[in-house]
Amino acid sequence: MAKALFIKTWGCQMNVYDSARMADVLAPVGYHPVDRAEDADMVILNTCHIREKAADKVFSELGRLKALKRRKAVNGGRLIIAVAGCVGQAEGAEIMARAPYVDMVFGPQTFHRLPEMVAAADSAPGQGVLDTEFPPESKFDFLPEEQGSQGISAFLAIQEGCDRFCTYCVVPYTRGAEFSRPAADILAEAQRLLAGGAVELTLLGQNVNAWKAAAPNGGTWGLGRLLREVAELEGVARLRYTTSHPSDMDEDLIQAHRDVPTLMPFVHLPVQSGSDLILAAMNRRHKAADYLRVVERLRAARPDIGLSSDFIVGFPGETDQDFADTLALIEAVGYAQAYSFKYSARPGTPAALLETDHVPDDIKTERLAVLQELVNRQQLAFNRALIGSVMPVLFDRPGKRAGQLLGRSPYMQSVHAEAGGERLGTLAPVRILGAHANSLSGRLVDSKEPEAAPCPETPA
Ligand code: 5AD
Ligand code: SF4
């Protein structure tokens, strides 16, 4: 019998990918995706645990779903409520205890078992199914092929988990140990995504540049080689990968930025702090100077590369000098964009056990504002420097006004331009005319438009 599935996704791109794969797993047992919880027979909350208040958000959403479940029951219907993702993994037992109306809780490594979980929930309603194991098998060996097209810009998980154990981070505990998918599986999935209409592929992993796996014909590949091979597949117009650790940026990957024209000149390379003391306390296992050297090598390989980063302010023990070192690193790099967060203790992580030198919240707030002001200035300068240039834009959504489309530049900036609907899903050259903090605007370059040639009528 056809049943309706609604998945709400929080967090990173990996969660977006996982949600699509959960829908794939549930399709053979009769579930098709819908856009609203109200229309669903099953709701999955695919959660993120990376920062504070994640669990609060999940519980408040669960409160709403409880009421919906009750309304459905009154009308003789049934709603299955499931919590997936990293909050499920980290707090499964608590969710079951606090919200007994939840039917299933599972983590990122067990959702290939969803059909069995649904069967168990169906046969014993009200019992609650908890599956937060780290199974010996890889879920990728059990997931069915992707069902629907992901559209023109598709995610492909190539690596999962993390062995780096940064002291503030829950990922090694919620996603588990590092695992790299074999190259042949990745190439096959890439081919299917491209055949399904994707022109841009983003290779995903919590520590994506640690990817290292068996090559199709023996031997081992790293990410640089994998990118070169994916770039050879028919239909690839753009390639990206995220998220990288600076210490795993090897020479071959850096040179891929020089050699592979479809590899976009944009890298998200989190550094978190510019202070060597804080980097050591975070167990990042590199110094600020090491990071700057990686940036230098990337720029040598691809001079037009744009960089993005994550920063944490107010890590325990962070002094004014440490924070000044972070600002100095930002000044030295010059970012195209960056994400920044106030440190918050995540239960179960080593940093959460540090008892001394907590940075007061008002100082964290102040530092965050200062850092964001600097990054915003850099971002605006980066955007403004593009005015007058022509960039390929991948139009992926309608604009706010009729006759306008929105797309992405190579640097992930949103670009709007007047363009007809037939351009949706295509790459087109756009001359950049306006730059704002978070977006660009421009005009499609008519193929007949002369390339800024000097006017022959102008007297010398
Ligand atoms: N507190 C604040 N920010 C965090 N991040 C991860 N853990 C924490 C934490 N405990 C940030 C890091 C990471 C990004 C995804 O989230 O900057 O790169
Ligand atoms: Fe977390 Fe550090 Fe691993 Fe990134 S590298 S996922 S911040 S432990």
Side-chain angles (χ1 to χ4, degrees), residues 9-16 18 47-56 85-87 89-91 107-109 157-180 204-212 223 241-249 267-275 278-286 290-291 294 307-318 322-323 326 329-330 333 335 337-354 358-359 361 363-365 367-368 371-372 375:
T9 309
W10 282 280
C12 62
Q13 290 151 326
M14 185 69 91
N15 265 14
V16 175
D18 285 351
T47 61
C48 168
H49 203 237
I50 199 102
R51 283 179 298 274
E52 225 176 4
K53 304 217 168 78
D56 295 355
C86 294
V87 177
Q89 185 68 41
E91 303 192 23
Q109 303 310 344
I158 66 163
Q159 181 278 337
E160 244 204 294
C162 186
D163 292 345
R164 287 207 159 263
F165 291 93
C166 301
T167 54
Y168 51 82
C169 183
V170 286
V171 165
Y173 312 98
T174 57
R175 290 267 169 186
E178 259 175 40
F179 169 76
S180 291
L204 296 180
Q206 269 82 40
N207 189 9
V208 73
N209 57 345
W211 182 87
K212 199 175 255 332
L223 183 58
Y241 59 93
T242 197
T243 291
S244 300
H245 191 285
S247 306
D248 288 311
M249 215 71 206
V267 179
H268 183 58
L269 195 61
V271 64
Q272 315 296 354
S273 170
S275 151
I278 295 298
L279 287 169
M282 287 176 164
N283 192 31
R284 293 289 292 177
R285 292 185 261 180
H286 64 80
D290 302 321
Y291 180 87
V294 171
L307 290 158
S308 147
S309 182
D310 292 340
F311 294 95
I312 297 178
V313 299
F315 188 80
E318 186 188 71
D322 294 319
F323 180 61
T326 299
L329 179 140
I330 296 173
V333 173
Y335 285 100
Q337 67 157 83
Y339 303 93
S340 44
F341 314 97
K342 288 198 257 184
Y343 169 74
S344 73
R346 312 309 298 127
T349 59
L353 302 174
L354 297 171
H358 280 282
V359 177
D361 192 58
I363 306 275
K364 285 186 195 167
T365 306
R367 288 182 186 166
L368 190 69
L371 187 152
Q372 289 182 340
V375 165

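Quick note: numbers below take in every heavy atom, side chains included, and nothing from hydrogens, waters or symmetry partners. Order of listing sets the numbers, starting from 1, for every ligand and every atom in it.
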Would Phe315 and Phe341 count as a close aromatic pair, with their ring centres under 6.0 Å?
no
Tyr343 versus Arg367, side-chain donor and acceptor atoms under 3.5 Å
no
Less than 6.0 Å separating the ring centroids of His268 and Tyr241?
no
Angle between ring planes, Tyr173 versus Phe165, binned at 30° and 60°: parallel, tilted or perpendicular?
perpendicular
Contacts of Asn207 meeting side chain to side chain contact (heavy atoms under 4.5 Å, CB included) (sequence neighbours excluded), chain-then-number -> Gln159, Cys162, Arg164, Glu178, Asn209, Ala210, His245, Asp248
Taking all heavy atoms of Val16 and all of Thr9, pick out the closest pair and write down the distance.
N-CG2, 3.8 Å
Around atom 2 (Fe) of ligand 2, what protein N, O or S atoms are found below 2.8 Å?
Cys166 SG
Nearest 0.5 angstrom please: Leu279 CG to Ser273 OG, how far?
4.5 Å
Considering heavy atoms of the protein only, find what lies nearest to atom 7 (S) of ligand 2 and give residue, atom and distance to 0.1 Å.
Tyr168 OH, 3.3 Å
Where the side chain of Asp322 meets the backbone of Ser275, is there a donor-acceptor pair that is under 3.5 Å apart?
no
Which protein N or O atoms sit under 3.5 Å from any N or O of ligand 1? Give each pair with its distance.
unit_1	atom_1	unit_2	atom_2	d
ligand 1	1 (N)	Ser344	N	3.1
ligand 1	1 (N)	Ser344	O	3.4
ligand 1	10 (N)	Tyr168	O	3.1
ligand 1	10 (N)	Ser344	O	2.7
ligand 1	16 (O)	Arg51	NH1	2.7
ligand 1	17 (O)	Gln272	OE1	2.7
ligand 1	18 (O)	Gln272	NE2	2.9
ligand 1	18 (O)	Asp310	OD2	2.6

Can you list the residues that meet the side chain to side chain contact (heavy atoms under 4.5 Å, CB included) rule with Ser340, with sequence neighbours excluded?
Phe311, Leu368, Leu371, Gln372
Which atoms form the tightest heavy-atom contact between Cys86 and His49, and what is the distance?
CB-CB, 3.7 Å
